[in-house]
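One structure is given below, encoded as structure tokens.
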Amino acid sequence: MMVKRVIRCPKCSYEQILGTECESCGVIFAKYIQYEKKRQERQEAQEVKRQNSSKRISTALQVLVLIAITAGATYWFVKPVTAPAPTPVANVQETTPGVVKERKVSPPKSTVQSVQSPTTPTVPARGSSIEQARKATVSIETPWGTGSGFFVNDNYIVTNRHVLEIDQKELAEFKRNVESTRELVDLEKEKLRDLRARARSLSKGPTRSQLNIVIEERERELNKVLPNLEDAERRLARMEERVDPSDIKIILADGSSHVADYLLLSDNHDLALMSLFSNDISYLKRPPANYRIRQGDKVFTIGSPVGLRNTVTSGVFSGYRRDDTDGKVFLQTDAAINPGNSGGPLIDEKGYVHGVNTMILQNTEGIGFAIPIETVFEEFGSSLF
């Protein structure tokens, strides 16, 4: 007995006995099956492409996260840690009659309002005084930042302590950024090793090619991060070492470079004293005993803001201010004090030095402070007299 073979149409499901085309819909079986096979292959290829694209996007996002986190750390790598002035005097709001302020400043005993006009001594013309002050001002460079200073006698230079010795809080934060970035970089290297091993296990084709592109892109981004990280690790090692006079470069107004012979850091104020024995040195003079700077008097700052040596900026003396937290007195001025000005002199039109520029009030413009020159001589009197 012969068994008749029944076939089902792959398109309309009509059943019939043998044949090369459907008696119901007319489709040719062989061509339809070939078409469906190609369509299925296209769908599978598109799905693979979609999955790889999704993986690539995910990988790109991981790289971007790495770059973003590293960029935050890079800020600490490239910025001079001592460049921005430290947090300024607390509670410096001044009260004005008829206007209520947040806090009242406790003025020093000898406020500017109580100072009577003194007898003005005979002094040189302003131009020559400013020029002499520029000659007495130096630029200071350390492995971790820059600043300014000035001669207070033939052999000694005064500057800010924070110019020479890094703030421990900033150092700790810098160290955390360096270590976390190193950890991220090591994890990224490990991930790349895994991806390379996976790529080698794949047969040649679109999937392997796309994975190799992803690996190359991630390696390129990683190589952008590594030089900054390595530089930061070297800087961190230097910053963790105790400051030594030989680490301090002193650049005079004539451009000559020297190292400090002696270093003394103040425990009570943001001040430091260095010695430098050199010929033909100009130094800044203190004002005479009967001369006091008055509110509104013109003043000048000299220093090396953002590496621009011997820069002079001008403003007025705004008054004396006392820090309520420790009672220290500061001179306030609106003369520009920028990163790199720290440690430079605040002088008047006659060339007398009245203070050591030390800080600015954050998130404001034109509010800077200097440590009175009298404080310098009180703190380092045994060395300066």
Side-chain angles (χ1 to χ4, degrees), residues 80-90 92 108 136-171 239-250 258-277 283-287 301-304 320-333 337 339-347 353-360 368-385:
V81 180
T82 58
T87 304
V89 187
V92 296
T137 303
V138 302
S139 298
I140 298 173
E141 296 180 1
T142 68
W144 45 83
T146 61
S148 304
F150 60 94
F151 281 93
V152 287
N153 64 22
D154 289 329
N155 300 317
Y156 285 96
I157 298 169
V158 68
T159 184
N160 288 141
R161 177 172 179 150
H162 78 260
V163 170
L164 306 180
E165 187 176 69
I166 189 169
D167 183 89
Q168 292 304 306
K169 290 182 180 179
E170 291 186 347
L171 176 58
M239 290 159 62
E240 290 182 318
E241 297 175 0
R242 185 171 178 82
V243 63
D244 186 86
S246 62
D247 294 325
I248 304 168
K249 182 188 294 185
I250 301 172
H258 309 264
V259 294
D261 300 314
Y262 168 81
L263 173 63
L264 182 62
L265 301 174
S266 170
D267 293 327
N268 305 311
H269 302 275
D270 185 16
L271 293 171
L273 190 70
M274 299 179 293
S275 66
L276 179 64
F277 298 93
Y283 67 89
L284 293 177
K285 296 182 179 180
R286 300 165 63 186
T301 66
I302 305 177
S304 304
Y320 292 98
R321 298 289 180 262
R322 184 186 298 276
D323 186 345
D324 288 346
T325 59
D326 55 21
K328 293 177 181 177
V329 176
F330 294 85
L331 286 73
Q332 180 186 335
T333 178
I337 299 177
N341 273 121
S342 292
L346 180 71
I347 65 172
V353 59
H354 292 272
V356 183
N357 300 321
T358 190
M359 53 192 163
I360 56 176
F369 298 91
I371 299 173
I373 192 63
E374 292 80 10
T375 303
V376 175
F377 283 84
E378 290 170 3
E379 187 70 8
F380 301 124
S382 59
S383 298
L384 295 178
F385 290 109

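The figures that follow rest on heavy atoms only: side chains count, while hydrogens, waters and symmetry mates do not. The first residue in the sequence is number 1, and the count goes up from there.
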message: Going by the rule side chain to side chain donor-acceptor pair (under 3.5 Å), which residues pair with Asp247 if we only count those two or more places apart in sequence or in a different chain?
response: Arg238
message: Suppose we screen for side-chain contact (heavy atoms from CB on, under 4.5 Å). Which residues come up paired with Asp267, at least two apart in sequence or across chains?
response: Arg161
message: Suppose we screen for side chain to side chain donor-acceptor pair (under 3.5 Å). Which residues come up paired with Ser139, at least two apart in sequence or across chains?
response: Ser304
message: To the nearest 0.5 Å, what is the distance between CG on Leu271 and CG on Leu265?
response: 10.0 Å
Output side-chain donor-acceptor pairs under 3.5 Å for residues 370-385, partner residues at least two apart or in another chain, one line each.
from: Glu379; atom 1: OE2; to: Ser266; atom 2: OG; distance (Å): 2.7
from: Glu379; atom 1: OE2; to: Asn268; atom 2: ND2; distance (Å): 3.3

message: Whether the side chain of Arg321 engages the backbone of Phe330 through a donor-acceptor N/O pair (distance < 3.5 Å, no angle test) should be reported.
response: no
- prompt: Looking only at heavy atoms, which two atoms of Tyr283 and Ala136 are closest? And how far apart?
  reply: CA-CB, 3.8 Å
- prompt: Are side-chain heavy atoms of Lys328 and His269 found at a separation under 4.5 Å?
  reply: yes
- request: Look only at the side chain of Ser275 and the backbone of Tyr262, and say whether a donor-acceptor pair between them is shorter than 3.5 Å.
  value: yes
- line: For Asn153 and Tyr156, the nearest pair of non-hydrogen atoms, with its separation, is OD1-N, 2.8 Å
field: Contact summary for His354 and Leu331, nearest pair of heavy atoms
entry: O-CD2, 3.7 Å
field: Asp261 and Leu276, any side-chain heavy atoms less than 4.5 Å apart
entry: yes
task: Please step through side chain to side chain contact (heavy atoms under 4.5 Å, CB included) for the pair Thr159 and Val356, ending with a clear verdict.
output: CA-CA 7 Å; Thr159 184; Val356 183; over 6 Å; no
message: Quick one, Leu164 with Ile140, criterion side chain to side chain contact (heavy atoms under 4.5 Å, CB included). Give me CA distance, side-chain angles, the key distance, then yes/no.
response: CA-CA 9 Å; Leu164 306 180; Ile140 298 173; 3.8 Å; yes
message: Just to verify, what does Thr333 make a side chain to side chain donor-acceptor pair (under 3.5 Å) with, not counting sequence neighbours?
response: none
query: Is a side-chain donor or acceptor of Asn160 paired with a backbone partner of His162 at a separation under 3.5 angstrom?
result: no
- request: I would like to know whether Phe151 and Leu284 meet side chain to side chain contact (heavy atoms under 4.5 Å, CB included); could you show each step before the answer?
  value: CA-CA 6 Å; Phe151 281 93; Leu284 293 177; over 6 Å; no
message: Rounded to the nearest 0.5 Å, what separates atom CD1 in Ile157 from atom OG in Ser148?
response: 11.5 Å
- line: Applied to residues 137-156, the salt bridge (charged side-chain N to carboxylate O under 4.0 Å, His left out) test, sequence neighbours excluded, yields Glu141-Lys249, Glu141-Arg309
- prompt: Hey, mind stepping through Asp270 and Thr358 against side-chain hydrogen bond (donor to acceptor under 3.5 Å, both in side chains) and telling me if it holds?
  reply: CA-CA 7 Å; Asp270 185 16; Thr358 190; 2.9 Å; yes
Nearest-0.5 Å distance, CG of residue Asn357 to CZ of residue Phe369: 12.0 Å
message: Which heavy atom of Ala260 sits nearest to which heavy atom of Pro245, and what is that distance?
response: O-CB, 3.5 Å
- request: Please report the shortest heavy-atom distance between Pro345 and Thr137, naming the atom on each side.
  value: CG-OG1, 3.5 Å
- line: The reported gap from OG1 in Thr301 to CG in Asn341 (rounded to nearest 0.5 angstrom) is 4.5 Å
- prompt: Do the non-hydrogen side-chain atoms of Leu263 and Ile248 ever get within less than 4.5 Å of each other?
  reply: yes
